[in-house]
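All residue numbers refer to positions in the sequence shown, counting from 1.
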Amino acid sequence: KGSDILIAIGSDEEEEEEDAAAAAGAELDASGLYTEPGPPVLGTVDISCQEMQLPTHAIAEGLYLSHMAVSERSRRRGIARELLREASASALRRGEGCLWLHVEPDNTPAVALYEGDGYVRMPDEVAPYAGFTTALSLRERAVLYRKALEAEA
(Lines give C-alpha, C1' and ligand atoms only; values in the text may rest on other atoms or scores of the structure.)
Protein backbone atom coordinates (compact mmCIF):
# COMPACT_ATOMS: atom_id res chain seq x y z
CA LYS A 1 0.00 0.00 0.00
CA GLY A 2 1.40 3.36 -1.02
CA SER A 3 4.09 1.88 -3.28
CA ASP A 4 4.61 1.77 -7.00
CA ILE A 5 6.95 -1.08 -7.87
CA LEU A 6 8.33 -0.73 -11.38
CA ILE A 7 9.79 -3.77 -13.11
CA ALA A 8 11.77 -3.92 -16.35
CA ILE A 9 11.33 -7.26 -18.08
CA GLY A 10 13.37 -8.74 -20.90
CA SER A 11 12.54 -9.18 -24.55
CA ASP A 12 11.53 -12.35 -26.37
CA GLU A 13 15.17 -12.79 -27.43
CA GLU A 14 16.32 -12.70 -23.81
CA GLU A 15 13.49 -15.08 -22.89
CA GLU A 16 14.71 -17.51 -25.56
CA GLU A 17 18.21 -17.39 -24.05
CA GLU A 18 16.73 -18.12 -20.62
CA ASP A 19 14.66 -20.98 -22.04
CA ALA A 20 17.75 -22.46 -23.71
CA ALA A 21 19.57 -22.37 -20.37
CA ALA A 22 16.57 -24.02 -18.66
CA ALA A 23 16.40 -26.70 -21.35
CA ALA A 24 20.07 -27.43 -20.72
CA GLY A 25 19.11 -28.35 -17.14
CA ALA A 26 19.77 -25.00 -15.47
CA GLU A 27 17.11 -24.45 -12.82
CA LEU A 28 19.15 -21.97 -10.83
CA ASP A 29 20.56 -18.63 -11.90
CA ALA A 30 24.21 -17.64 -11.51
CA SER A 31 23.64 -16.63 -7.88
CA GLY A 32 22.07 -20.02 -7.06
CA LEU A 33 18.49 -18.71 -6.86
CA TYR A 34 15.53 -20.46 -8.45
CA THR A 35 14.38 -18.75 -11.64
CA GLU A 36 10.74 -18.39 -12.65
CA PRO A 37 9.61 -19.17 -16.18
CA GLY A 38 8.81 -16.24 -18.45
CA PRO A 39 10.71 -13.18 -19.53
CA PRO A 40 13.64 -12.34 -17.28
CA VAL A 41 13.41 -9.47 -14.79
CA LEU A 42 16.08 -6.97 -15.80
CA GLY A 43 15.57 -4.40 -13.07
CA THR A 44 13.26 -3.00 -10.40
CA VAL A 45 12.65 0.15 -8.40
CA ASP A 46 10.12 1.07 -5.71
CA ILE A 47 8.70 4.49 -4.92
CA SER A 48 6.60 4.82 -1.80
CA CYS A 49 5.11 7.19 0.73
CA GLN A 50 5.64 5.05 3.84
CA GLU A 51 9.11 6.39 4.60
CA MET A 52 7.78 9.93 4.35
CA GLN A 53 5.17 9.22 7.03
CA LEU A 54 7.62 8.28 9.79
CA PRO A 55 7.13 10.55 12.81
CA THR A 56 10.85 10.49 13.61
CA HIS A 57 11.95 13.02 10.98
CA ALA A 58 10.74 16.35 9.63
CA ILE A 59 10.59 15.57 5.90
CA ALA A 60 7.10 14.79 4.67
CA GLU A 61 7.03 15.93 1.03
CA GLY A 62 7.47 13.67 -1.97
CA LEU A 63 8.09 9.95 -2.29
CA TYR A 64 11.04 7.75 -1.37
CA LEU A 65 12.84 5.76 -4.06
CA SER A 66 14.35 2.46 -2.95
CA HIS A 67 15.26 -1.05 -4.05
CA MET A 68 16.82 0.13 -7.32
CA ALA A 69 18.44 -2.91 -8.86
CA VAL A 70 19.46 -4.03 -12.34
CA SER A 71 20.57 -7.60 -12.97
CA GLU A 72 24.31 -7.85 -13.38
CA ARG A 73 24.23 -9.02 -16.97
CA SER A 74 21.70 -6.30 -17.92
CA ARG A 75 23.76 -3.35 -16.74
CA ARG A 76 25.11 -0.60 -19.01
CA ARG A 77 22.03 -0.82 -21.27
CA GLY A 78 20.03 2.18 -20.01
CA ILE A 79 17.64 0.13 -17.90
CA ALA A 80 18.35 2.04 -14.68
CA ARG A 81 17.89 5.39 -16.45
CA GLU A 82 14.56 4.18 -17.86
CA LEU A 83 13.43 2.98 -14.42
CA LEU A 84 14.31 6.40 -12.96
CA ARG A 85 12.41 8.14 -15.76
CA GLU A 86 9.36 5.97 -15.10
CA ALA A 87 9.65 6.52 -11.33
CA SER A 88 9.62 10.30 -11.88
CA ALA A 89 6.62 10.03 -14.21
CA SER A 90 4.78 7.83 -11.71
CA ALA A 91 5.46 10.29 -8.88
CA LEU A 92 4.18 13.17 -11.01
CA ARG A 93 1.00 11.22 -11.80
CA ARG A 94 0.53 10.83 -8.04
CA GLY A 95 0.82 14.62 -7.68
CA GLU A 96 4.22 14.61 -5.97
CA GLY A 97 6.85 17.30 -6.42
CA CYS A 98 10.01 15.44 -5.47
CA LEU A 99 11.72 12.11 -4.94
CA TRP A 100 14.20 11.18 -2.20
CA LEU A 101 16.75 8.39 -2.03
CA HIS A 102 19.79 7.27 -0.07
CA VAL A 103 22.97 5.90 -1.61
CA GLU A 104 26.38 4.84 -0.36
CA PRO A 105 28.76 7.65 -1.39
CA ASP A 106 31.43 5.22 -2.61
CA ASN A 107 28.96 3.57 -5.02
CA THR A 108 30.25 5.79 -7.82
CA PRO A 109 28.16 4.25 -10.63
CA ALA A 110 24.95 4.83 -8.64
CA VAL A 111 25.97 8.34 -7.59
CA ALA A 112 26.74 9.23 -11.24
CA LEU A 113 23.40 7.74 -12.35
CA TYR A 114 21.37 9.67 -9.78
CA GLU A 115 23.22 12.95 -10.23
CA GLY A 116 22.88 12.59 -14.01
CA ASP A 117 19.13 12.22 -13.51
CA GLY A 118 18.89 15.46 -11.53
CA TYR A 119 19.23 14.25 -7.95
CA VAL A 120 21.07 16.66 -5.65
CA ARG A 121 22.94 15.58 -2.52
CA MET A 122 21.53 17.10 0.65
CA PRO A 123 23.89 18.44 3.31
CA ASP A 124 24.75 15.75 5.86
CA GLU A 125 24.85 18.16 8.79
CA VAL A 126 21.40 19.73 8.34
CA ALA A 127 19.04 18.32 10.98
CA PRO A 128 16.04 17.26 8.85
CA TYR A 129 18.28 15.42 6.40
CA ALA A 130 20.43 13.73 9.03
CA GLY A 131 17.25 12.80 10.91
CA PHE A 132 15.77 11.17 7.81
CA THR A 133 18.83 8.95 7.42
CA THR A 134 18.71 8.01 11.11
CA ALA A 135 14.94 7.39 11.05
CA LEU A 136 15.35 4.78 8.32
CA SER A 137 18.09 2.98 10.30
CA LEU A 138 20.46 3.24 7.36
CA ARG A 139 24.16 2.69 7.52
CA GLU A 140 26.00 5.75 8.75
CA ARG A 141 27.60 6.28 5.37
CA ALA A 142 24.37 6.52 3.37
CA VAL A 143 23.80 10.00 2.01
CA LEU A 144 20.51 11.59 1.09
CA TYR A 145 19.63 12.86 -2.39
CA ARG A 146 16.57 14.79 -3.59
CA LYS A 147 15.16 15.37 -7.06
CA ALA A 148 12.66 18.14 -7.76
CA LEU A 149 10.05 16.99 -10.26
CA GLU A 150 8.53 19.18 -12.94
CA ALA A 151 5.72 18.27 -15.27
CA GLU A 152 6.72 18.26 -18.92
CA ALA A 153 5.31 21.16 -20.91
By the salt bridge (Lys or Arg N to Asp or Glu O under 4.0 Å) test, which pairs, at least two apart or in different chains, include something from residues 106-118?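 Qualifying pairs: D106-R141, D117-K147.
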
If a pair satisfies ring-ring contact (aromatic ring centres under 6.0 Å, His included) and one of its residues is in residues 103-127, list it, with sequence neighbours excluded.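 Only Y114-Y119 qualify under ring-ring contact (aromatic ring centres under 6.0 Å, His included).
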
[X] to [Y] - nearest heavy-atom pair and separation:
X    : Y    : value
C98  : A148 : CB-CA, 4.3 Å
L113 : R81  : CD1-CG, 3.5 Å
E61  : M52  : O-CE, 3.1 Å
L101 : Y64  : CA-CE1, 3.9 Å
E51  : S66  : OE2-OG, 4.4 Å
A87  : I47  : O-CD1, 3.6 Å

Within-4.5 Å side-chain heavy-atom neighbours: [X] and [Y]:
X    : Y    : answer
T44  : L6   : no
R121 : L144 : no
V103 : Y145 : yes
D4   : D46  : no
I9   : L42  : no
L92  : E150 : no
L83  : M68  : yes

Pair R94, L63 - check side-chain contact (heavy atoms from CB on, under 4.5 Å), show working. CA-CA 10 Å; R94 289 175 65 167; L63 297 173; 3.9 Å; yes

Nearest 0.5 Å, please: how far is OG in S90 from CD1 in I5?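 Taking CD1 in I5 and OG in S90, the distance rounds to 11.0 Å.
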
For the side chain of S74 and the backbone of V70, is there at least one donor-acceptor N/O pair under 3.5 Å apart?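 No.
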
Residues forming a side-chain contact (heavy atoms from CB on, under 4.5 Å) with R76, sequence neighbours excluded: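 Scan of R76 (side-chain contact (heavy atoms from CB on, under 4.5 Å), adjacent residues dropped) gives none.
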
Where do L84 and E86 land on the side-chain contact (heavy atoms from CB on, under 4.5 Å) test, with the steps shown first? CA-CA 5 Å; L84 288 177; E86 289 296 327; over 6 Å; no

